[in-house]
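The structure appears right after this line, and notes come after that.
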Amino acid sequence: MTKHNNVVPNGHFKKHWQNHVKTWFNQPARKTRRRIARQKKAVKIFPTAGPLRPLVHGQTLKYNMKVRAGRGFSLEELKWQSQECCLGRDTSKLLPGPFVAGIPKKFAPTIGIWVDHRRKNRYLESLQANVHRLKTYLNNHVTK
């Protein structure tokens with residue numbers, strides 16, 4: 001005998017009703033599995049965690065031999081062309097091949113590239129390394 005004001009249990013089910021019901025209990029797990037697969041594919045194409053950051057050296061004597069991820073690319077790295085835009089630098093140490101990034105500073109954050117307008121490039125080697133990093137990222141960029 002049921003107590004209180006409940007619905008009278010009168011579900012008249014067939015014997016094998018479970019075979020004819022389509023459930024979506026696996027929908028959240030499938031969503032997670034697809035998201036993880038997309039992330040793995042993006043990492044395989046270009047390994048980075050989050051938006052692309054430049055490679056910089058630490059500042060003090062203790063840490064200046066270590067390379068770490070910086071805050072953002074300098075404006076010079078975003079617009080740097082091969083020998084024409086060296087701004088009075090010694091062009092004899094340039095790596096072979098064209099180094100053209102040519103990314104507008106307002107467009108860069110929209111494609112996952114961080115920009116730091118305060119950063120200055122003091123060494124040609126780090127400038128070339130970061131421009132090469134930008135070019136590799138743009139060649140392998142996957143739009144979501």
Side-chain angles (χ1 to χ4, degrees), residues 4 6-144:
H4 308 295
N6 295 327
V7 178
V8 177
N10 60 353
H12 295 72
F13 296 111
K14 303 271 186 203
K15 285 191 176 180
H16 299 290
W17 64 274
Q18 294 96 341
N19 298 337
H20 304 292
V21 176
K22 178 67 177 165
T23 60
W24 287 81
F25 296 134
N26 62 347
Q27 186 180 23
R30 185 178 291 165
K31 178 181 177 181
T32 307
R33 190 169 61 233
R34 285 178 179 157
R35 190 186 76 227
I36 291 171
R38 279 195 304 271
Q39 289 172 349
K40 285 183 180 177
K41 181 179 177 183
V43 167
K44 192 185 303 182
I45 291 174
F46 192 83
T48 180
L52 186 68
R53 293 167 174 252
L55 297 178
V56 297
H57 289 271
Q59 290 185 337
T60 59
L61 188 64
K62 182 178 179 181
Y63 296 108
N64 64 2
M65 81 292 292
K66 296 189 181 207
V67 177
R68 63 175 178 84
R71 179 182 170 86
F73 288 92
S74 67
L75 300 178
E76 187 180 3
E77 288 167 350
L78 290 176
K79 68 181 178 182
W80 198 62
Q81 311 273 326
S82 60
Q83 275 110 2
E84 299 86 43
C85 188
C86 288
L87 302 176
R89 297 178 187 271
D90 181 21
T91 58
S92 63
K93 297 178 184 174
L94 281 175
L95 293 176
F99 289 93
V100 179
I103 305 166
K105 64 182 176 183
K106 300 240 178 178
F107 178 66
T110 64
I111 57 172
I113 298 172
W114 286 25
V115 180
D116 185 10
H117 63 91
R118 301 166 299 181
R119 234 182 98 230
K120 302 279 189 259
N121 290 105
R122 291 175 178 83
Y123 298 102
L124 190 63
E125 292 82 15
S126 63
L127 173 72
Q128 285 181 339
N130 284 327
V131 170
H132 183 69
R133 190 169 162 81
L134 278 171
K135 279 184 56 98
T136 308
Y137 179 75
L138 289 176
N139 289 339
N140 298 326
H141 185 63
V142 177
T143 56
K144 294 178 184 176

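Source: prediction; values computed, not measured.
Considering CG of Leu134 and CG of Asn139, their distance stands at 11.0 Å, rounded to 0.5 Å. Here NZ of Lys135 is found 12.0 Å from CD of Gln128. Values are rounded to the nearest 0.5 Å. Taking OG from Ser74 and NZ from Lys79, the interatomic distance works out to 9.0 Å, rounded to the nearest 0.5 Å. Separating the OH atom in Tyr63 from the CZ atom in Arg68 is a distance of 11.0 Å, to the nearest 0.5 Å. Interatomic distance, Asn26 CG to Arg33 CZ, rounded to the nearest 0.5 Å: 7.5 Å. We find the CD-CG distance between Glu125 and Asn121 to be 11.5 Å, quoted to the nearest 0.5 Å.
Looking at every heavy atom in both residues, Trp24 comes nearest to Arg30 through CZ3-NH1, 4.3 Å. Counting all heavy atoms, side chain and backbone alike, Glu76 lies closest to Leu127 at OE2-CD2, 4.1 Å. The minimum heavy-atom distance between Tyr137 and Ile111, with the atom names listed, is OH-O, 2.8 Å. Taking both residues in full, the closest heavy atoms of Gly72 and Pro54 are given as O-CG, 3.1 Å, listed atom of the first, atom of the second, then distance. Contact between Asn10 and His12 at its shortest, heavy atoms only, is O-ND1, 2.7 Å. The nearest pair of heavy atoms linking Met65 to Leu61 is CE-O, 4.0 Å.
You'll find the side chain of Glu77 stays beyond 4.5 Å of the side chain of Ile113, heavy atoms only.
Checked by atom type and distance alone, the side chain of Thr32 pairs as donor or acceptor with a backbone atom of Pro28 at under 3.5 Å. In this structure, His117 contributes its side chain and Val115 its backbone to no donor-acceptor pair below 3.5 Å. Not one N or O on the side chain of Arg71 forms a donor-acceptor pair closer than 3.5 Å with the backbone of Trp114.
Other residues, nucleotides and ligands contribute over 12 non-hydrogen atoms within 6.0 Å of the CD atom of Gln39.
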